[in-house]
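Each remark here refers to the structure printed beneath this line.
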Amino acid sequence: MKLFRPLTIKQTTIRNRVVMAPMCQYQADHQGFVQPWHLTHYSSRAVGGVGLIIVEATGIEARGRLSGSCLGVYHDEHVEGLRQIARWGKMHGAVMGIQLSHGGRKGHGPDLIGPSPISADPQRYPVPRPVAESDMGSLLQLWRQAARRAREAEFDMIQLHGAHGYLLHSFLSPLANRRQDGYGGSPANRRRLLLEVVEAVQEEWPAERLLSVRLSAVDYLPDGLSLDDTIATVKALKAAGVDLIDISSGGILPAVINAYPGYQVPLAAAVKAAVDMPTVAVGQLDAVDLAESVVASGDADFAALGRALLRDPHWVLRVAEQDPAVPWPQSYERARRNV
Ligand SMILES: Cc1cc2nc3c(=O)[nH]c(=O)nc-3n(C[C@H](O)[C@H](O)[C@H](O)COP(=O)(O)O)c2cc1C
């Protein structure tokens with residue numbers, strides 16, 4: 001199966017095309033520190049054969065976390081625990097990524113920031129305070145320092161969270177960004193913060209390691225982001241040196257989303273066809289035949305699994321039981337051969 005063939009991007013070889021999608025565990029302490037849960041959870045999926053593990057949304061500042069129990073990467077003291085996650089995962093053969101995140105108007109606490117004073121959902125979130133143009137430098141510094149800590153924590157890949165209505169997506173989408181300064185209005189201005197974040201991160205992130213961005217390709221609302229807008233963004237990201245694009249959707253404002261197995265694959269396929277760069281598809285790809293067809297058809301290079309890997313940390317070993325290309329941990333061989 002093509003799903004189990006390795007792929008090398010730059011100098012990093014990923015042993016197969018199965019990605020563990022970033023998923024908040026809500027298990028950090030109130031200061032964002034790694035707990036034994038995280039080590040057990042992520043290393044289990046590495047033992048289970050996943051090619052690339054992307055550690056959950058990890059806040060670049062306290063109010064940028066998505067809850068009071070999300071991981072943080074905003075103190076130097078956070079590095080040690082994160083390094084253990086990276087080392088344990090790599091020890092078991094996975095390539096380890098971390099999703100750097102700022103929740104913006106869907107963040108944590110009373111003092112939320114955003115592009116414009118527009119709530120993400122008046123029932124759940126306060127109206128955010130717009131980031132002043134003069135504060136952009138300190139915002140970029142938070143991303144830069146988070147990238148330095150991710151480097152010190154020995155991750156192989158950074159993924160910037162540019163999806164699901166969080167800070168970077170909210171600047172991209174005209175539904176959340178009504179600014180009239182250099183960070184709003186035209187598509188290029190709305191893209192500017194994301195591209196400046198890429199540049200800031202690259203100042204601390206070694207060129208040989210991987211840089212990924214996750215985007216919401218569409219907002220599912222009139223006047224929201226369209227696939228064409230997103231393709232233009234991905235072209236700019238590729239030109240800026242981003243290595244891997246991860247295509248999700250939605251989250252800017254409440255919307256009706258018709259989700260079914262593979263529903264976001266056409267979005268990833270359209271991006272890949274237009275931009276020709278390594279691409280991750282995600283969304284109910286639990287059926288192995290579906291995951292294989294996504295990769296074998298070339299719609300995407302990787303199939304990311306979220307909930308399927310919560311249900312079964314050994315999803316890869318199980319579906320590849322008959323495939324000699326997938327080694328099982330030696331200690332489990334008797335279970336494979338059932339002797
Ligand atoms: C418990 C849970 C937590 C999640 N946390 C994140 C996150 O931290 N960052 C992110 O980009 N997406 C997050 N997601 C979305 C997943 O990465 C994924 O895109 C989504 O679950 C669809 O994939 P699936 O159908 O295979 O679960 C989360 C999803 C779940 C179920």
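First listed ligand is number 1; within each ligand, the first listed atom is number 1. Quick caveat, the model's predicted, so the values are computed rather than measured.
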* For the pair Val197 and Leu100, evaluate side chain to side chain contact (heavy atoms under 4.5 Å, CB included) and give the outcome as yes or no after the intermediate values. => CA-CA 11 Å; Val197 167; Leu100 301 186; over 6 Å; no
* Asked: If you measure from the Lys or Arg side-chain nitrogens to the Asp or Glu carboxylate oxygens, is any gap between Arg148 and Asp76 under 4.0 Å?
  -> yes
* With distance as the sole criterion, is a donor-acceptor pair present between the side chains of Arg87 and Gln84 under 3.5 Å? -> no
* Donor-acceptor pair, Ser101 side chain versus Ala57 backbone, under 3.5 Å? -> no
* Do any nitrogen or oxygen atoms of Leu285 lie less than 3.5 angstrom from nitrogen or oxygen atoms of ligand 1? -> no
* To do: Find all atoms of ligand 1 within a distance of less than 4.0 Å from any non-hydrogen atom belonging to Ala57, and give their numbers and elements.
  => 8 (O)
* To do: Decide whether an N or O pair under 3.5 Å exists between His161 and ligand 1.
  => yes
* To do: Could you tell me whether ligand 1 has any atom less than 4.0 Å away from a heavy atom of Ala163?
  => no
* **Under 4.0 Å to a heavy atom of His164 - the qualifying atoms of ligand 1, by number** => 10 (C), 11 (O), 12 (N)
* Structure fact -> Heavy-atom proximity to atom 16 (C) of ligand 1 ranks first, among Gly162, Pro22, Gly306, for Pro22
* Would you mind listing which atoms of ligand 1 come within a distance below 4.0 Å of any non-hydrogen atom of Leu305? => 26 (O)
* Separation between OG1 of Thr230 and CD1 of Ile247, rounded to the nearest 0.5 Å -> 6.5 Å
* Identify, by atom number and element, the atoms of ligand 1 in contact range of Ala21, meaning under 4.0 Å from any of its heavy atoms. => 17 (O)
* May I ask you to say whether Lys272 pairs ionically with Asp301, meaning some side-chain N is under 4.0 Å from a carboxylate O? => yes
* Contact check: Arg307 vs ligand 1, nitrogen or oxygen atoms, below 3.5 angstrom -> yes
* Structure fact -> Of Met23, Arg214, Gln284, the one whose closest heavy atom lies nearest atom 12 (N) of ligand 1 is Arg214
* So His164 and His161, would you call those rings parallel, tilted or perpendicular, with 30° and 60° as cut-offs? -> perpendicular
* Just let me know how Val282 lines up against ligand 1, side chain, backbone, both or neither, with a heavy-atom cut-off below 4.0 Å. => side chain
* Asked: Taking the inter-plane angle between the rings of Phe33 and His78 on a 0 to 90° scale, is it parallel (under 30°), tilted (30 to 60°) or perpendicular (over 60°)?
  -> tilted
* Please check if a non-hydrogen protein atom sits closer than 4.0 Å to atom 20 (C) of ligand 1. => no
* What is the closest protein heavy atom to atom 3 (C) of ligand 1, and at what distance does it sit? -> Cys24 N, 3.4 Å
* Return a yes/no value for Gln99: is any of its N or O atoms, backbone included, closer than 3.5 angstrom to an N or O of ligand 1? => yes
* Non-hydrogen atoms of Phe171 and Gly114 that approach each other most closely -> CE1-C, 4.1 Å
* Do Arg214 and Ser248 have a side chain donor and acceptor closer than 3.5 Å? -> no
* ligand 1 contact by Gly283, heavy-atom criterion under 4.0 angstrom -> yes
